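Counting begins at 1 with the first residue of the sequence. Being a predicted model, the structure only gives us computed values, none of them experimental.
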Amino acid sequence: MSDIPMMGSSAAASNTAHSDAVSAFERHRVELRASKRSWTIFALIVFAICLGLSIWISNFYPERLANGVPRIFEYFGTIIPELQWNMLFEGRDADERAVPGSITYWYTDFWTYATLIWETILMAMTATLIGAGMAFVLSFPAANNLAPNSWIYWISRRFLEICRGIPEILLALVFVFMIGIGPLAGVLAIAIHTAGALGKLFAEVNENASSRPVDGITAVGGTWPEKMLYGVVPQVAPNFFSYAMLRFEINVRASSIIGFVGAGGIGQELNRVISFYSDDRVLAVLILVVLTVTVIDLISERIRHRFIGRENL
């Protein structure tokens with residue numbers, strides 16, 4: 001009989017302890033929610049201040065935009081060629097001169113444009129291959145879960161940040177000064193920026209890779225390169241290829257811009273026609289650039305789908 005009060009007091013103590021634990025948990029949960037709410041409010045206030053400052057500094061006001069939109073159509077009105085329907089498809093006359101008002105006259109330098117666009121594509125392709133190769137090598141030590149040690153991780157990350165932190169056009173200016181005008185300066189500039197951009201993306205893909213294959217290779221005595229090559233690369237290769245194809249499309253557009261500083265490609269011709277106020281030729285070049293980028297986008301999409309497999313999309 002004496003055990004009954006003891007059992008009762010033990011059960012009461014257990015219930016009290018359980019109640020205290022629940023109360024402590026609830027208090028902690030309320031504190032966490034209050035802290036989260038405070039940080040959310042603080043972040044919203046900071047965001048609102050930054051947004052207001054950016055609007056004030058950039059003069060991003062609706063009335064200014066409304067006044068500027070018509071000027072866009074005015075500009076396009078100045079670069080539209082003077083085509084004549086009755087002369088639209090006329091060829092060259094007896095003196096091998098294009099007839100004014102025809103498409104032939106508008107695209108008199110078509111083969112020059114086509115050659116420069118092909119040069120632009122080759123520049124982008126070469127830069128993408130070099131940049132993707134550099135990014136592939138650096139992405140493994142730049143991944144937090146794969147780096148051999150913290151120093152190599154830190155150095156790899158900072159190097160990739162420097163590569164992508166400098167704009168391509170500024171790099172192109174430096175290389176034009178170093179090695180002269182031409183496509184090589186553009187290729188080097190785009191390759192360095194590509195290495196930085198793809199290196200970050202590749203490293204993040206590596207950080208999301210499963211560690212089980214790496215652990216298995218480690219268990220049988222595999223070296224660090226073997227763990228990367230056989231444990232990580234098979235997992236991340238489809239994503240690497242997809243990002244590299246996307247970067248190739250971006251590099252085609254970048255190659256069209258850096259020509260403005262003498263780094264080769266169609267941008268050089270675009271800069272020339274703008275400088276000589278050949279407004280109709282500006283539109284001719286822009287149309288070819290847009291068509292080229294669109295075709296490359298469609299082709300790269302099909303290649304990407306075939307490599308990855310539609311079932312993985």
>> One pair to check against side-chain contact (heavy atoms from CB on, under 4.5 Å): R247 and I250. What are the steps and the verdict?
In response: CA-CA 5 Å; R247 189 67 202 186; I250 296 172; 4.1 Å; yes
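- Under a 3.5 Å cut-off, the side chain of R164 and the backbone N or O of H193 do not form any donor-acceptor pair.
- When all heavy atoms of G222 and K227 are compared, the closest pair comes out as O-CE, 4.1 Å.
- Inter-residue side-chain proximity for V174 and I166 is flagged as unmet; no heavy-atom pair is nearer than 4.5 Å.
- A continuous path of ILVMFWY side-chain contacts below 4.5 Å connects L283 to L288, so both sit in one hydrophobic cluster.
- Although no hydrogens or angles enter the test, the distance criterion places a donor-acceptor pair under 3.5 Å between the side chain of W224 and the main chain of L146.
- Looking at heavy atoms from C-beta onward, Y113 lies out of side-chain contact with T292 at the 4.5 angstrom threshold.
- Through direct or relayed side-chain contacts under 4.5 Å between Ile, Leu, Val, Met, Phe, Trp and Tyr, I217 connects to L229, Y230.
- Across A172 and A263, no two heavy atoms sit closer than the pair CB-CB, 4.1 Å.
- F175 is not listed as a side-chain neighbour of L184, based on a closest heavy-atom distance of 4.5 Å or more.
- Using a 4.5 Å heavy-atom cutoff, the side chains of Y153 and N149 are not in contact.
- With hydrogens and angles ignored, the 3.5 Å screen pairs a side-chain donor or acceptor of N206 with a backbone N or O of S139.
- Put simply, the side chain of N208 gets close to the backbone of E204: a donor and an acceptor are under 3.5 Å apart.
- Proximity of a side-chain donor or acceptor of S242 to a complementary backbone N or O of P238 within less than 3.5 Å is not detected.
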>> For E249 and V293: C-alpha separation, side-chain torsions, deciding distance, then whether side-chain contact (heavy atoms from CB on, under 4.5 Å) applies.
In response: CA-CA 7 Å; E249 300 167 19; V293 172; 5.8 Å; no
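- In this structure, D215 CG and S210 OG are separated by 8.0 Å, a value rounded to the nearest 0.5 Å.
- Side chains of T223 and E226 form a contact here, defined as non-hydrogen atoms less than 4.5 Å apart.
- Between N145 and S211 there is no side-chain heavy-atom pair separated by less than 4.5 Å.
- Around CD1 of I181, the count of heavy atoms belonging to other residues, nucleotides or ligands within 6.0 Å does not exceed 12.
- Contacts of D109 classified as side-chain hydrogen bond (donor to acceptor under 3.5 Å, both in side chains), with partners at least two apart in sequence or in another chain: R281.
- Contact of the F202 side chain with the V236 side chain is not registered, since no non-hydrogen atoms from C-beta on lie closer than 4.5 Å.
- Once rounded to the nearest 0.5 Å, the distance linking OG1 of T115 with CZ of F110 reads 9.0 Å.
- Here the straight-line distance linking atom CD1 of I190 with atom CE of M125 works out to 12.5 Å at 0.5 Å rounding.
- Here the closest non-hydrogen pair linking V289 and S256 is CG1-OG, 4.0 Å.
- Every residue two or more places apart in sequence or in another chain was checked for a ring pair (Phe, Tyr, Trp, His ring centres under 6.0 Å) with W151, and none qualifies.
- The backbone N or O of G264 lies less than 3.5 Å from a partner atom in the side chain of Q268, making a donor-acceptor pair.
- Within the model, atoms CD1 of I117 and OG1 of T112 stand 11.0 Å from one another, a figure rounded to the nearest 0.5 Å.
- Follow the hydrophobic side-chain contacts under 4.5 Å out from F240 and you reach V214 in the same cluster.
- A pairwise comparison of heavy atoms in G231 and P213 identifies O-CB, 3.6 Å as the closest pair.
- Checking N251 against T194 by side-chain atom types alone, a donor-acceptor pair falls below 3.5 Å.
- Distance CZ/F140 to CG/L138: 10.5 Å, rounded to 0.5 Å.
- Residue Y243 qualifies as open at atom OH: its count of foreign heavy atoms under 6.0 Å is 12 or below.
- Residue L32 belongs to no hydrophobic cluster, having no ILVMFWY side-chain heavy atom closer than 4.5 Å to its own.
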>> Evaluate K200 against R157 for side-chain contact (heavy atoms from CB on, under 4.5 Å), listing each step before the verdict.
In response: CA-CA 8 Å; K200 181 178 187 297; R157 279 283 183 173; 4.2 Å; yes
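- A donor-acceptor distance shorter than 3.5 angstrom exists from the side chain of T294 to the backbone of V290, with no hydrogens or angles considered.
- Closest non-hydrogen pair, S255 versus T120, comes out as CB-CG2, 3.4 Å.
- Members clustered with L298: none, using a 4.5 Å side-chain heavy-atom cutoff among hydrophobic residues.
- Relative to the ring axis of W39, R37 does not place its NZ or CZ within 45° and under 6.0 Å from the centre.
- Remark: side-chain polar atoms of Q235 are not paired, donor with acceptor, to backbone N or O of A209 under 3.5 angstrom.
- You'll find the side chain of F136 reaches within 4.5 Å of the side chain of V233, heavy atoms only.
- Residue I266 is grouped with residue W118 when hydrophobic side chains (ILVMFWY) are merged at heavy-atom distances under 4.5 angstrom, including chains of intermediate members.
- When hydrophobic clusters are built by joining Ile, Leu, Val, Met, Phe, Trp and Tyr residues whose side-chain heavy atoms come closer than 4.5 Å, directly or via intermediates, L122 is grouped together with I296.
- Side-chain atoms of E207 come within 3.5 Å of backbone atoms of N144 as a donor-acceptor pair (strictly under, hydrogens ignored).
- Of all heavy-atom pairs spanning G199 and L160, the tightest one is C-CD1, 3.8 Å.
- In the hydrophobic cluster analysis, where Ile, Leu, Val, Met, Phe, Trp and Tyr join through side-chain heavy atoms closer than 4.5 angstrom, F177 is grouped apart from F260.
- If you take CG on L198 and SG on C163, they are separated by 11.5 Å, rounding to the nearest 0.5 Å.
- For R212, there are no side-chain hydrogen bond (donor to acceptor under 3.5 Å, both in side chains) partners at least two apart in sequence or on another chain.
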